[in-house]
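To keep things clear, I will list the structure first and then write my remarks on it.
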Amino acid sequence: MFPFRCPGCAARMAVDDAERVGERCGVCATARMWESLPPEIQETIDTAIRRGNMPGLFAMRQALPSFRIPQALDLLVFRHAALGMDGSV
């Protein structure tokens, strides 16, 4: 294992592949990805998430077809926290 700190938030991390040392943690990577989205897509996704997890995931899929399920779930949890929702995904 290769220990290091996330360059975004300084959280302690460890990876099993030396090439991944210096990558951002999942939270920082998700935050950075969210900030890169256009405001209209952010609003569409947030509106759908307020209606429920599945509508939120469908909105992500429609707006961002290249999203994979792990990325979408990370974003769903991230937005639940930002929206002050209970976090149950």
Side-chain angles (χ1 to χ4, degrees):
M1 295 299 285
F2 301 93
F4 67 100
R5 291 192 178 269
C6 170
C9 67
R12 291 177 189 238
M13 299 175 54
V15 292
D16 59 358
D17 182 1
E19 291 182 17
R20 293 185 52 214
V21 170
E23 289 183 2
R24 294 182 180 275
C25 69
V27 174
C28 288
T30 301
R32 180 179 249 187
M33 185 272 308
W34 176 255
E35 292 165 1
S36 73
L37 297 175
E40 21 335 307
I41 291 178
Q42 291 177 348
E43 184 59 34
T44 298
I45 291 171
D46 278 350
T47 300
I49 288 172
R50 287 184 185 100
R51 291 192 322 259
N53 292 334
M54 291 308 293
L57 290 171
F58 287 134
M60 287 179 220
R61 186 69 179 142
Q62 288 176 340
L64 309 161
S66 63
F67 258 38
R68 299 176 59 89
I69 293 296
Q71 292 171 308
L73 290 174
D74 285 347
L75 182 57
L76 189 63
V77 170
F78 176 77
R79 294 311 300 158
H80 267 263
L83 295 169
M85 300 174 77
D86 68 2
S88 59
V89 175

Any chance you could measure D46, atom CG, to H80, atom NE2, to the nearest 0.5 Å?
-> 10.0 Å
Closest non-hydrogen atom pair, A29 against R24 = N-CB, 4.1 Å
Heavy-atom neighbours of F67 CZ exceed 12 at 6.0 Å | yes
Identify, with sequence neighbours excluded, every residue that meets side chain to side chain contact (heavy atoms under 4.5 Å, CB included) alongside Q62.
-> none
Heavy atoms only: give me the nearest L75-T30 pair and the separation to one decimal.
-> CA-CG2, 3.7 Å
Is the number of heavy atoms from other residues, nucleotides or ligands within 6.0 Å of CZ (R32) greater than 12?
-> no
What heavy-atom pair brings M13 and C6 nearest, and what distance separates the two atoms?
-> SD-CB, 3.7 Å
Does one side chain, of E43 or T47, offer a donor that lies under 3.5 Å from an acceptor on the other?
-> yes
State, with a plain yes or no, whether a side-chain heavy atom of I69 is found less than 4.5 Å away from one of L73.
-> yes
Residues in side chain to side chain contact (heavy atoms under 4.5 Å, CB included) contact with P55, at least two apart in sequence or another chain | A48, R51
Indicate yes or no: at least one non-hydrogen side-chain atom of I45 is less than 4.5 angstrom from one of L64.
-> yes
M33 and D74: side-chain contact (heavy atoms from CB on, under 4.5 Å), yes or no, with the steps?
-> CA-CA 11 Å; M33 185 272 308; D74 285 347; over 6 Å; no
Closest heavy-atom pair, P7 versus G22, reported as atoms and distance to 0.1 Å, is CG-O, 3.2 Å
Looking only at non-hydrogen atoms, find the nearest pair between Q42 and L37 and report the distance.
-> NE2-O, 3.4 Å
Decide whether V77 and V27 are clustered together by the hydrophobic rule: side chain heavy atoms of Ile, Leu, Val, Met, Phe, Trp, Tyr closer than 4.5 Å, transitively.
-> no
In this structure, CG of N53 is separated from CG of L76 (nearest 0.5 Å) by 4.5 Å
By side chain to side chain contact (heavy atoms under 4.5 Å, CB included), which residues pair with V21, not counting sequence neighbours?
-> F2, F4, V15
Minimal non-hydrogen separation, A63 against I41, with atom names = CB-CG2, 3.8 Å
